[in-house]
*Asks:* 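Please read through the structure below; I'll follow up with questions.
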Amino acid sequence: MPADESASTPRQPYVLTFSKPTLKLFETTLPTLKEDSRQCIENLLGYRARHTQVKFPRSQSAAVLVPLFIGRAGDLYVLLSRRSASLRQYAGDTALPGGKVEHQDITVEDTARREAFEEIGLIPDRERVPLLCVMEPFLAGNQMVVTPVVVLILDKTMQPNLNESEVTSIFSQPLASFLASSFTFPPYRVPDSSIPYHTIMEWEWSGGGTIRMHRFLTGREADGVKPVFGLTASILIYIAIWGYRRAPDFEFQPPNAPTQAQQIACALLTPSNSLRLACEYEGIDADMIAAFVLHAPKELNSEPGMIEWDKSGQDWRRLAEGPIPLRVDVIKQEIHNNALVRQDMYKERQKCHREVGEGSEGEREVAERRSGQNERKDGDAKL
């Protein structure tokens, strides 16, 4: 008996599309682009996050902007900021510009661009600073969902305008340096030789498994700049892995580490967690969101090793099996079908516009003839 074709056919990914430029734009604008930088940009342009449809509670959602630019030698750099020492949280830390979602923000890209403009004066111009991709969300402080938004600064004439109440200074670091356990700084940047460039810290996760955090020196520690650490380091490692399509020369996470999806789902399932409480306040089904996160189509992107389901408790199995995943699949299929309908409508409108354009010359000729006739009639009337 032949196998069921529907079972062997891979599911179509359910993703939201974002307006993105083409690689040709970057190649013409940036003639010094190195081949690995060009490939990195192309890979990031092709990245599709699996959780862009998930509606997290706005009060517990944030976004960070990851501003990349091309250096003089054609390498990719990331722009980082030193937070003000007067801030109540994470004072003096090295960070990416970003913050919580506000009422005027429609998308996480809006949030990231607005925060970058408020903090470092990066103009939210989608032509001079086009979007490369929106990455998978990360969990910060076990309660805040943070989505990285990656952009490329094309206009090198743009000048920063720092909000000194939030940012003390900005600097750059090669994106590829977050894939290395050692790094050679320029001669004018001499880090403390007694401290390794890359170090790690681990702790046990409440849901089972081990979480590893990374720290990278900046070479500016003598000036009071802190290393790149924690969430910022994890985001940059993840982006570098996907951009350059190679693993770092160190182990990113241990084999039993929970994925970001599992960490977010666990927070959503914990009754006292702020993320779940925010869902209840905003009328969002936290169980359904957790199921969405855990059942995103896996063919899009790969992830670090996942902990085994039998170590995760009954709640995980309840979301991995049973009626909730079926309901999730139905909703995703409806979203996918609606997206296809919108694409067909868009193509039809484009076709109509082209047909109108092709017939415009004939229409102009008819209009000119009519106009000439009207002018002659007016002239006859005046005579």
Side-chain angles (χ1 to χ4, degrees), residues 23 26 30 32-49 64-81 93-96 132-138 146-153 171-186 189 191-193 195-202 210-221 225-255 257-260 300-306:
L23 185 64
F26 302 140
L30 305 167
T32 61
L33 202 63
K34 281 186 176 179
E35 176 57 27
D36 62 343
S37 298
R38 185 198 68 80
Q39 190 63 50
C40 180
I41 293 172
E42 184 175 6
N43 291 336
L44 291 175
L45 279 170
Y47 180 91
R48 294 294 183 273
V64 293
L65 195 76
V66 185
L68 304 180
F69 68 93
I70 304 296
R72 294 179 181 177
D75 297 306
L76 270 174
Y77 285 77
V78 59
L79 201 61
L80 296 164
S81 62
D93 282 4
T94 296
L96 295 161
L132 293 184
C133 64
V134 176
M135 305 296 292
E136 296 288 323
F138 286 71
V146 179
T147 304
V149 177
V150 188
V151 299
L152 183 66
I153 301 175
F171 62 94
S172 62
Q173 193 98 335
L175 180 62
S177 68
F178 296 99
L179 296 178
S181 56
S182 62
F183 180 71
T184 303
F185 288 98
R189 294 293 176 194
D192 188 345
S193 58
I195 304 176
Y197 165 70
H198 170 250
T199 53
I200 63 171
M201 177 186 299
E202 294 183 349
T210 304
I211 294 179
R212 177 177 295 163
M213 301 302 287
H214 300 262
R215 189 184 77 160
F216 298 89
L217 297 184
T218 64
R220 295 168 171 80
E221 283 73 22
V225 177
K226 294 183 179 181
V228 181
F229 177 74
L231 179 66
T232 301
S234 296
I235 290 173
L236 294 176
I237 294 172
Y238 190 80
I239 293 172
I241 289 174
W242 273 103
Y244 293 105
R245 290 296 173 90
R246 68 173 187 265
D249 64 9
F250 51 83
E251 189 179 48
F252 184 15
Q253 291 292 337
T259 64
Q260 287 296 326
L300 285 177
N301 303 315
S302 61
E303 295 217 20
M306 298 177 66

*Asks:* Take His214 and Phe252 through the ring-ring contact (aromatic ring centres under 6.0 Å, His included) test and state the conclusion after the steps.
*Replies:* CA-CA 8 Å; His214 300 262; Phe252 184 15; 5.6 Å; yes
*Asks:* Do Val66 and Val151 touch side chain to side chain, with heavy atoms closer than 4.5 Å?
*Replies:* no
*Asks:* Output yes when a side-chain donor or acceptor of Tyr197 lies under 3.5 Å from a complementary backbone atom of Ser177, and no otherwise.
*Replies:* yes
*Asks:* Side chains of Leu79 and Leu65: does their closest heavy-atom pair fall under 4.5 Å?
*Replies:* no
*Asks:* Report yes if the side chains of Leu179 and Arg246 come closer than 4.5 Å at any heavy-atom pair, otherwise no.
*Replies:* yes
*Asks:* Taking the six-membered ring for Trp, are the ring centroids of Tyr238 and Phe138 within less than 6.0 Å of each other?
*Replies:* yes
*Asks:* Under the side chain to side chain contact (heavy atoms under 4.5 Å, CB included) rule, what do Leu76 and Ile70 come out as? Steps first, then yes or no, please.
*Replies:* CA-CA 5 Å; Leu76 270 174; Ile70 304 296; 3.3 Å; yes
*Asks:* Find out whether Cys133 and Trp242 are in side-chain contact, i.e. whether some heavy atom of one side chain is under 4.5 Å from a heavy atom of the other.
*Replies:* no
*Asks:* Please check if the side chain of Glu42 supplies one atom and the backbone of Cys40 the other of a donor-acceptor pair under 3.5 Å.
*Replies:* no
*Asks:* Considering non-hydrogen atoms only, spot the tightest contact between Ser37 and Gly74 and give its length.
*Replies:* OG-O, 2.7 Å
*Asks:* Within this structure, what is the CD1-CG distance for the pair Ile241 and Leu236, rounded to the nearest 0.5 Å?
*Replies:* 11.0 Å
*Asks:* Under the criterion ring pair (Phe, Tyr, Trp, His ring centres under 6.0 Å), which of Phe183, Phe178, Phe229 is the partner of Phe216?
*Replies:* Phe178
*Asks:* Can you tell me how far CG of Leu175 sits from OH of Tyr77, rounded to the nearest 0.5 angstrom?
*Replies:* 11.0 Å
*Asks:* Measure from the side-chain N and O atoms of Ser181 to the backbone N and O of Phe250, and report whether any donor-acceptor pair falls under 3.5 Å.
*Replies:* no
*Asks:* Answer whether the closest heavy-atom distance between the side chains of Ile153 and Leu68 falls below 4.5 Å.
*Replies:* no
*Asks:* Side chain of Arg212, backbone of Glu251: donor and acceptor closer than 3.5 Å?
*Replies:* yes
*Asks:* Can you give me the closest heavy-atom contact between Arg220 and Gln173, atom names plus distance?
*Replies:* NH1-OE1, 4.0 Å
*Asks:* For Leu217 and Ile195, which heavy atoms make the closest approach, and how far apart are they?
*Replies:* CD1-O, 3.5 Å
*Asks:* Check Leu231 against Met213 and note the closest heavy-atom contact, atom names and distance.
*Replies:* N-CE, 3.5 Å
*Asks:* Would you say the side chain of Thr94 lies within less than 4.5 Å of the side chain of Thr232, judging by non-hydrogen atoms?
*Replies:* no
*Asks:* Would you please test Leu80 and Thr218 for side chain to side chain contact (heavy atoms under 4.5 Å, CB included) and show each step?
*Replies:* CA-CA 10 Å; Leu80 296 164; Thr218 64; 5.7 Å; no
*Asks:* So which heavy atom on Pro148 is nearest to which on Glu136, and how close?
*Replies:* CD-O, 3.3 Å
*Asks:* Determine the minimum heavy-atom distance between Pro67 and Leu96, stating which atoms define it.
*Replies:* CD-CD2, 4.4 Å
*Asks:* Taking Thr147 for its side chain and Pro137 for its backbone only, find out whether a donor-acceptor pair lies under 3.5 Å.
*Replies:* no
*Asks:* Rounded at 0.5 Å granularity, tell me how far CG in Asp36 sits from CG in Asn43.
*Replies:* 11.0 Å
